[in-house]
Amino acid sequence: MEDNISPAESEQLNTEVNEPQPEKPKKKKSDIWVRMGVGFLYMAILIGFFLLKIFVNDFLFDFIVLAFSVLGTFEMCRAFKHKITTLQTVIVMIFTTLTILTFCVSDFVFKEVFKVEWGQSNYTPLITLVVFIAGLATILGLLVMAHQKTSLESTGFTLIAYIYPTVFLLILAGCNHLERYSDAAILFIFLICPASDSLALVFGRLFGKKIPKKMAPSVSPNKTIVGGIGGLLGGALGAVLVFFVYYGLCTPLRVGSFDNIVFEWESLYLFLGVGVISSFFAQFGDLVESAIKRKLGIKDMGKMLPGHGGLLDRIDSSLYAGLAVCLIFTIRIMYIMS
């Protein structure tokens, strides 16, 4: 059955059909260079502060930990901007900064000014805990002081922003303040994660189709178990690199001489264990942030690092890896100094 279309309507239809359709935006070639440039700048800043830690004072690395805390907390508050009030955001920003500052400054005073040594009373953890709990008390106190504007739901989101990432960055500061192995601990946190990610990607592409079992399909559909296994192998290989950099470069730089480089080969097993365990925690930390972003319905935590997303998108793995690194090396130090 033919449609009854007037000549004018027919001409309009032909015009619409022949009208060129808008092309899909193509990914700019410059994007990859922007991503690489930002990545190199990020690594250059880390290396710069690490060198300051070795050549000047260990506590100078605390400045980058503080920066991570301020910027990371800001990203969390921004992600929750429709779920928490302005007053709650201000309280979180103030007390997260105070918590990190209290730990770093207090430990510096006890060790550098009072010359407190291993086994003597250092009240840094207690003082830091008091400041942190004061922040918790203030956040909960807003239920009274700003009762009309504050809900239990907004308080819950505020507590998440207060805890993540600051509590994890306190562990990173703790790694920087270790009596021994502090250089190795920092290297583990920032080298194991890219090594783990790289081999996880390689294993995923090589064996992902043959063994497609997903690690956490509802959270991150692209991550496979075989990729995770590759990440653990990457952690082990990264640990070998950390071992040689720590004993072959960092230790001689601190001593000021490369004449008598000594590799403590019995520690290689310790480093391998730290590498594998921290890789596991790093992958889990990545999944945790993926879960947060999925719950919020966002792709990235921010736009601070072009091509990479936000700062938290860059350090999410390192936050959880720091837990394993700090715990293992603390136990090792206690064993050596007991």
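- Residues meeting the ring pair (Phe, Tyr, Trp, His ring centres under 6.0 Å) test with Phe50, sequence neighbours left out: none.
- Remark: Phe49 engages no residue in a ring pair (Phe, Tyr, Trp, His ring centres under 6.0 Å) (not counting sequence neighbours).
- With sequence neighbours excluded, the residues satisfying side-chain contact (heavy atoms from CB on, under 4.5 Å) with Arg332 are Tyr181, Ser267, Leu270, Tyr335, Ile336.
- A donor-acceptor contact shorter than 3.5 Å is absent between the side chain of Ser279 and the backbone of Gly275.
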In residues 173-180, what donor-acceptor pairs under 3.5 Å come from side-chain atoms, sequence neighbours left out?
unit_1	atom_1	unit_2	atom_2	d
Asn176	OD1	Lys53	NZ	2.8
Asn176	ND2	Asp58	O	2.9
Asn176	ND2	Asp62	OD1	2.9
His177	ND1	Asp107	OD2	2.5
His177	NE2	Asp62	OD1	3.0
His177	NE2	Asp62	OD2	2.8

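- Not counting sequence neighbours, the partners of Phe203 by the ring pair (Phe, Tyr, Trp, His ring centres under 6.0 Å) test are Phe207.
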Name each donor-acceptor pair under 3.5 Å that joins a side chain in residues 220-246 to protein atoms two or more places apart or in another chain, with its distance.
unit_1	atom_1	unit_2	atom_2	d
Lys223	NZ	Asp286	OD2	2.7
Thr224	OG1	Gly227	N	3.1

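- The shortest side-chain heavy-atom distance between Leu272 and Val276 does not fall under the 4.5 Å cut-off.
- Shown here are the ring pair (Phe, Tyr, Trp, His ring centres under 6.0 Å) partners of Phe110, two or more places apart in sequence or in another chain: Phe114.
- With sequence neighbours excluded, the residues that form a side-chain contact (heavy atoms from CB on, under 4.5 Å) with Phe74 are Arg78, Met93.
- Applying the side-chain contact (heavy atoms from CB on, under 4.5 Å) rule to Phe95 yields the partners Ile91, Leu98, Ala134, Thr138, Tyr162; only residues at least two apart in sequence or on another chain are considered.
- With sequence neighbours excluded, the residues that form a side-chain contact (heavy atoms from CB on, under 4.5 Å) with Pro252 are Phe258, Ile261.
- For residues 272-309, the pairs satisfying ring pair (Phe, Tyr, Trp, His ring centres under 6.0 Å) are Phe284-Tyr320, with sequence neighbours left out.
- The heavy-atom pair separating Leu87 from Ala146 by the smallest distance is CD2-CB, 4.2 Å.
- Pairs engaging residues 301-319 under the salt bridge (Lys or Arg N to Asp or Glu O under 4.0 Å) rule: Lys293-Asp313 [sequence neighbours left out].
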